[in-house]
Protein chains: 2
Amino acid sequence: MNENAQVSRISKGRRTEIRRENERVILDAAEKVFAEAGFGGATMQLIADMAGLPKANLHYYFPTKEALYRQVVRNIFEIWLHAADSFDDAPGPVEGIGRYIEAKMDISRRHPHGSKVWASEVMHGAPVIQDYLETTLRDWTAGRMAVIQRWIDEGKMAPVDPRHLLYMLWAMTQHYADFGHQIETLNHGRPLSDAQWHEATETVKTVILRGIGVI
Amino acid sequence: MNENAQVSRISKGRRTEIRRENERVILDAAEKVFAEAGFGGATMQLIADMAGLPKANLHYYFPTKEALYRQVVRNIFEIWLHAADSFDDAPGPVEGIGRYIEAKMDISRRHPHGSKVWASEVMHGAPVIQDYLETTLRDWTAGRMAVIQRWIDEGKMAPVDPRHLLYMLWAMTQHYADFGHQIETLNHGRPLSDAQWHEATETVKTVILRGIGVI
DNA sequence: CCACAACCTGACCATTCGGTCAACATAATT
DNA sequence: AATTATGTTGACCGAATGGTCAGGTTGTGG
């Protein structure tokens, strides 16, 4: 039994590796194309070309364009959720919100495509991930609002509506991904440098932390 | 000559009225459809149905789908530029930035479709209005940054990077339009009420104005 | 080595979309 | 009233797209 399982796992190794690698390549290409062209503007052929695979191969791994899109959106959602860990076990708003801003700015820089796909999905009425909004995101938001409210009650920060504070954090951090092209254009057509990203993060942190009365 | 011009103007009246009315109906429908489906996902047939006109009639007034889209984007851009008037002749950041936030929040509420079309256009690399970004928007930004820098130099507000402060203002105010569906979902599926819009605006104003050290 | 399953892909199809056009209707001009 | 200019529309077309499938290749277990 043990041996069988072992052998089975090893034998399956090659196949699963092929599958995992191809799915990864396809998802990466899809994320980029969906971000740059939107769901309607993206074509399976374009994604296939970018992935270096024949179009029919995409349909082998993902039955429909919508299924592929759905997976891309879900992957982004997962990354977002994990970013909130820094929020939880912080002693106060300075560390909690400060680290959350840093984490989200970092995601905006490293996953600009994903952020755009999410924005596009929500702007179009969230036809694919509406259930996520109503369950996971709603619970997540309620939990973080409670944390902020507790900080307020404990006198650790000024009484700011927790809900709108969260919206402000999302808006500012994601703006650097979603409107990256505009920001780049206003930066003489060049992407933000390391120093400029750091400057942006610090400015956001400073204004927000002072804005909630903890500086 | 005068009479001729007068007669000509009156005679032309009916025709120009028809043209203006139809263009308005088409542009309104197009703004909504482009916002909800993106450029690629929008179809001329859908816009025609929403406008209550046969599809061929759209092509009589706008030669191509792209020309129609271009006009929609330009209209939004105009609205945005006018919103900055409140910025200019303000004695200091409290009035200037405060009023600017109010004006932009108001636009987000009354023109959510336009804001989404703009966001979508920028996210896709601004293929249609890149020249606007490089000329009008760049000049506008430079001008407002100078105003903010002057306020800083005069000791009227804390030294905050003017560029990133502008980005923060754009991000937060437009978020309420672009992510309106998400906000609505997190508000028990209901649109924000008058009171809630007011609360959002006040929260943004409070955090920002305190964040730049003027409260 | 054989048989089975998983993987790959060129060719093909039905549908949809942006755009055209000829014929017609209405308003303006002479 | 006749003519011209402007507005209207159903029918149509070529191109592109999402998706299918039969037949092939490669890996896997016995």
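The sequence lines fix the lettering, A, B, ..., with proteins before strands; numbering per chain opens at 1.
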Could you note down all residue pairs passing salt bridge (charged side-chain N to carboxylate O under 4.0 Å, His left out) where residues 174-199 of chain B supplies at least one of them, sequence neighbours left out? B:Arg109-B:Asp194
Using the six-membered ring wherever Trp is involved, compare the ring planes of A:Tyr167 and A:His164 and label them parallel, tilted or perpendicular (cut-offs 30° and 60°). perpendicular
Please name all residues satisfying side-chain contact (heavy atoms from CB on, under 4.5 Å) with B:Ala146, sequence neighbours left out, ordered by chain then number. none
side-chain contact (heavy atoms from CB on, under 4.5 Å) against B:Ala67, all qualifying residues, sequence neighbours excluded: B:Pro63, B:Thr64
When you measure from every atom of DNA chain C, which of residues 62-72 of chain B have a heavy atom less than 4.0 Å away? B:Thr64, B:Lys65
Atom-pair distance (CD on B:Glu17; P on D:dT6), nearest Å: 17 Å
Can you sort out the partners of B:Asn22 under side-chain hydrogen bond (donor to acceptor under 3.5 Å, both in side chains), two or more places apart, ordered by chain and number? B:Tyr61
Partners passing side-chain contact (heavy atoms from CB on, under 4.5 Å) against B:Met145 (at least two apart in sequence or in another chain): B:Thr141, B:Pro162, B:Arg163, B:Leu166
For residues 109-137 of chain B, which residue pairs qualify under ring-ring contact (aromatic ring centres under 6.0 Å, His included), counting only residues two or more places apart or in two chains? B:Phe77-B:Trp118, B:Phe77-B:Tyr132, B:Trp80-B:Trp118
Taking DNA chain C as the partner, which of residues 19-34 of chain A come within under 4.0 angstrom of it by heavy atom? A:Arg19, A:Asn22
Under the side-chain hydrogen bond (donor to acceptor under 3.5 Å, both in side chains) test, residues paired with A:Lys205 that sit two or more places apart: A:Glu102
Which atom pairs, one a donor and one an acceptor, fall under 3.5 Å between side chains of residues 35-56 of chain B and the rest of the protein, sequence neighbours left out?
residue, atom, partner, partner atom, Å
B:Thr43, OG1, B:Leu46, N, 3.1
B:Gln45, NE2, B:Asp49, OD1, 3.1

For DNA chain D, the residues among residues 46-61 of chain B that have a non-hydrogen atom under 4.0 Å from it: B:Pro54, B:Ala56, B:Asn57, B:Tyr60, B:Tyr61
Residues forming a side-chain contact (heavy atoms from CB on, under 4.5 Å) with B:Thr135, sequence neighbours excluded: none
Let me know the distance between CD1 of A:Ile18 and P of D:dT25, rounded to the nearest Å. 16 Å
